[in-house]
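Below is one structure, written out as C-alpha cells; the observations come after it.
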Amino acid sequence: MNRPLHVYVHVPFCARKCPYCHFYNVRHDDGREAFFVDALAREIDGWRRRGAFDGGELATLYWGGGTPSILSASGFSLLADLCLEIGPTADEFEWTIELNPADAEPVKLSEYRARGANRLSIGAQSFDVERLTFLERGHSGGESRRAVLAAVQAGFDDISIDLMFNLAVPGRRKSWATDLGSAFDLPITHLSLYGLTIESATPFGIRDHAGLRLTVSGRAYAAEYRAACRVARHAGFEHYEISSFAQPGRRAEHNSAYWSGRPYLGLGPSAHSFDGQRRWANVSSLTAWAEALAIGADPYAFVETLDPSQRALETLYLGLRTADGVRVDHPLLDSTSAKRVVAELVAEGLCRLSADRLACTERGFLVYDAILDRLVGVTRRPESTPAATTVN
C-alpha cells in the first residue's frame, strides 16, 4: 500500500436489513461482535507482518457497514485500539463513523469524539414519515434531527447525512422538498444523495419483479435530482461529485481517495481493496472470512490485476463522477474521434471544458452512463467509424 494510508473497515452488523439493501450484513449480538473483533485483529496483524503499514501515515479511516454505531462500548473501544495502532495519524486525519439515527446516545457520541473520530455520516434517508415507512427504516425523522444536534453537542463539526430520492410514495414532490429543507436547516457540512436502485436479490427486487412500482419516472427522477442540486447550491454547498455536496473544505477525503484512484485497504468481510494495480475483495461471510484468517489464509473472494487499458477506463469513469473531471489529454480522449465526441458533449451542455480538464455538467451527471457509453464506445472503434449516438 502506498502512503498515506486510507483504510475502510466493514462492520457487518445491523439490527435489521432494509428491503433495498444489497450490502453484506448479519444480525448483531455480543458473541458475533467478539468474533468479528478477534478476526479483525488477525487481519490487521497479517497486513502489519507483510509491511503494508511500514512508514505509512493514517490519512483516513472509515467505518461503514452494516451499522458501526450498533457496536457495544467495549466493542467500539477494542476496534478503535486496533485501527489506531495501524500507524500514526496525519495532521488532517479524517475518521468517519456511519451512524444510525436511533443509536445517537450522547454518551456514545462523546466517546467517539474523545477517541478521535471527527466525522459522522448519519443515515437519515428521509425526515418524512411516509418515506421512512416506505423504506422500512427503524427510526423517525425526529430521531435524525436529534442525532445531528447531539453530534454537534458532543463536539462534531463535520457531519454528513444521507438522503434518498426516486421513491414512488404519495405526495412525493412535496415530501422531497420538505426533506431537502429539513436537511439544510440542520448544522450539516455534507450531503450524500442516493437515488433508489432496485437490486434483484433484495425484498424490493422481488416486489419490483412482481410488478409493484417502487421508483418514479425518469422525468420525476431528474426533477428531484435538480431540486437537490438547487437547494444545496443555495445553501452554499459545492457539488463536488455526482451524488455528493459539501461546504467548502468539507469534502469527504476518504471517498475522494476512491474517486481519484488512490490505493486503499478494506478490512472485514466483503471489504474491497486496491493497491494501484490489483483489486481484491474479502468474502461476504463473517464465518468464512474469520476462518480463513484463523489458518493464515487470504480471505479473498477474488483478486484481479488491472491492465493499462482497464486502468485507463477506470480513471475515466471515476474522474467523470467528480466536478474536477479528467484531463483532456487522458489516453482515452486522445483520438480524433474521441475529441469529436468531447466537442459534441460540450456543445450539448452535458460536459464543460475548463483549462485542461473535461467535466460533467449538472445535466451531464443525469446521463452519466450515456456519456461514458459514448466516450468509451468511440475509443474502441476504428477512426473511420461514426461517433456514438447523441443523447437527447
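Sequence positions, counted from 1, serve as the residue numbers for this chain.
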Exercise. For the residue pair I97 and P68, what are the closest heavy atoms and their distance?
Worked result: CG2-CB, 4.0 Å
Problem set entry | salt bridge (Lys or Arg N to Asp or Glu O under 4.0 Å) assessment of D185 paired with R145 | CA-CA 10 Å; D185 280 344; R145 294 185 187 90; over 6 Å; no
Exercise. Any luck finding a side-chain donor-acceptor pair between H6 and T60 under 3.5 Å?
Worked result: yes
Problem set entry | Check against salt bridge (Lys or Arg N to Asp or Glu O under 4.0 Å), E348 and R374 | CA-CA 13 Å; E348 294 163 21; R374 291 170 67 179; 3.0 Å; yes
Exercise. From W95 CH2 over to Y112 OH, what is the distance, rounded to the nearest 0.5 angstrom?
Worked result: 9.5 Å
Problem set entry | Gap separating the NE2 atom of H190 from the OG atom of S160, nearest 0.5 angstrom | 5.0 Å
Seminar exercise, completed: From the list E94, H254, E98, side-chain hydrogen bond (donor to acceptor under 3.5 Å, both in side chains) with Y62 holds only for E98
For this session: Please find out if less than 6.0 Å separates the ring center of Y8 from that of W63.
Result: no
Exercise. Just how far is it from atom SG of C229 to atom CZ of R363, taken to the nearest 0.5 Å?
Worked result: 14.0 Å
Problem set entry | Transitive ILVMFWY side-chain link V169 to L212, under 4.5 Å | yes
Exercise. Between R119 and T96, is any side-chain donor less than 3.5 angstrom from a side-chain acceptor?
Worked result: yes
Exercise. Ring pair (Phe, Tyr, Trp, His ring centres under 6.0 Å) with F165: which residues, sequence neighbours excluded?
Worked result: W176, Y221
For this session: Say whether L267 and F35 are linked into one hydrophobic cluster, either directly or through other cluster members, by side-chain heavy-atom distances under 4.5 angstrom.
Result: yes
Exercise. Do we see a donor-acceptor contact under 3.5 Å between the side chains of D128 and S126?
Worked result: no
Problem set entry | Common cluster, F274/F53, ILVMFWY with side-chain heavy-atom separation under 4.5 Å | yes
Problem set entry | Residues in salt bridge (charged side-chain N to carboxylate O under 4.0 Å, His left out) contact with E238, at least two apart in sequence or another chain | R251
For this session: Applying side chain to side chain donor-acceptor pair (under 3.5 Å), run through D307 and S309 and close with a yes or a no.
Result: CA-CA 6 Å; D307 62 33; S309 63; 2.7 Å; yes
For this session: Test K17 against E136 for salt bridge (Lys or Arg N to Asp or Glu O under 4.0 Å), laying out the working first.
Result: CA-CA 9 Å; K17 193 173 183 72; E136 299 180 23; over 6 Å; no
For this session: Compare every heavy atom of Y24 with every heavy atom of P12, then report the nearest pair and how far apart it is.
Result: CB-CE2, 3.9 Å
For this session: Classify the side-chain pair T67/S69 by whether it contains a donor and acceptor separated by less than 3.5 Å.
Result: no
For this session: Go through the structure and list residues passing ring pair (Phe, Tyr, Trp, His ring centres under 6.0 Å) with F245, not counting sequence neighbours.
Result: H239
For this session: Measure the spacing between CD1 of I206 and CZ of F204 and express it to the nearest 0.5 Å.
Result: 11.5 Å
Problem set entry | Derivation of the salt bridge (Lys or Arg N to Asp or Glu O under 4.0 Å) call for R321 and E241 | CA-CA 6 Å; R321 288 186 62 93; E241 189 268 341; 2.5 Å; yes
Seminar exercise, completed: Checking R42, R50, R278 against D298 for salt bridge (charged side-chain N to carboxylate O under 4.0 Å, His left out), the one that qualifies is R50
Problem set entry | Nearest-0.5 Å distance, CG of residue L61 to CG of residue L84 | 6.5 Å
Seminar exercise, completed: Between the OH atom in Y258 and the CD atom in E253, the distance rounded to the nearest 0.5 Å is 13.0 Å
Problem set entry | Shared hydrophobic cluster for L163 and F134 (ILVMFWY, side-chain gaps under 4.5 Å) | no
